[in-house]
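Data block below; observations after.
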Amino acid sequence: QVQLVESGGGLVQAGGSLRLSCVAAGSISSINVMGWYRQVPGKQRELVAAITSGDRTNYADSVKGRFTISRNNAKTTLYLQMNSLKPEDTAVYYCKAQMGVVRSYWGQGTQVTVSS
């Protein structure tokens, strides 16, 4: 099992930056893929960025070139560096760990609000 705790959310002006962190504990070696998702009221949760155990990355088209997903060397912490933030980026951001093909874990989420 894996436990995930997100932090780093907050209020920022449009054009500003934030860095989100997700600390993972438990059976970390069993994680195949980790990612950041976001959700706004009335909409489905959507993938923002993902990184595999081999450090391959994928980004949503809406954030590509502005956001960067990464991990520390021990693979205990996942990061999302968010630059050039827009009001449309306002959402609750969630960390996800995928283990195998059917098992996944979610963090509690952290609120990001971008003012115009």
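Residue numbers run from 1 in the order of the sequence given. As the structure is a computational prediction, the values presented were derived from the model and not from experiment.
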Query raised in the report: In Å, rounded to the nearest 0.5 Å, how long is the span from CH2 of Trp36 to CG of Leu78?
Result: 5.5 Å
Query raised in the report: Mind checking whether Met82 and Val12 have side chains closer than 4.5 Å, heavy atoms only?
Result: no
Validation: residues 14-33 side-chain donor-acceptor distances under 3.5 Å, sequence neighbours left out:
from, atom 1, to, atom 2, distance (Å)
Ser17, OG, Asn83, OD1, 2.9
Asn32, OD1, Gly100, N, 2.4

Requested in this report: Could you identify which residues cluster with Val102, counting Ile, Leu, Val, Met, Phe, Trp and Tyr as linked when any side-chain heavy atoms lie under 4.5 Å apart, either directly or through a chain of such contacts?
Outcome: Val101
Report summary line: When every non-hydrogen atom of Leu4 is compared with those of Ala97, the smallest separation belongs to CD1-N, 3.7 Å
Report summary line: Applying side-chain contact (heavy atoms from CB on, under 4.5 Å) to Val40 and not counting sequence neighbours gives Lys43, Ala91
Query - Nearest non-hydrogen partners of Ile51 and Ser70, listed with the distance - result: CD1-CA, 4.4 Å
Requested in this report: Kindly state each residue pair satisfying ring-ring contact (aromatic ring centres under 6.0 Å, His included) with at least one member in residues 77-116, sequence neighbours excluded.
Outcome: Tyr37-Trp106
Query raised in the report: When rounded to the nearest 0.5 angstrom, what distance separates CZ in Arg103 from CD in Gln98?
Result: 10.5 Å
Query raised in the report: Mind checking what makes side chain to side chain donor-acceptor pair (under 3.5 Å) contact with Thr113, not counting sequence neighbours?
Result: Gln111
Query raised in the report: Could you give the distance from OG1 (Thr77) to CG (Asn72), rounded to the nearest 0.5 Å?
Result: 4.5 Å
Report task. Kindly state each residue pair satisfying disulfide (SG to SG under 2.5 Å) with at least one member in residues 23-84, sequence neighbours excluded. Result -> none
Query - Closest contact, heavy atoms only, Gly109 versus Glu6 - result: N-OE1, 2.9 Å
Query - All side chain to side chain donor-acceptor pair (under 3.5 Å) counterparts of Gln13, not counting sequence neighbours - result: Ser115
Query - Results of side-chain contact (heavy atoms from CB on, under 4.5 Å) for Ser62 - residues two or more places apart only - result: Arg38, Ala60
Report summary line: side-chain contact (heavy atoms from CB on, under 4.5 Å) filter on Asn73, not counting sequence neighbours, yields none
Query raised in the report: Who passes side-chain contact (heavy atoms from CB on, under 4.5 Å) against Lys64, sequence neighbours left out?
Result: Tyr59
Query raised in the report: Can you pull the salt bridge (Lys or Arg N to Asp or Glu O under 4.0 Å) pairs that have at least one residue in residues 69-86, sequence neighbours excluded?
Result: Asp55-Arg71
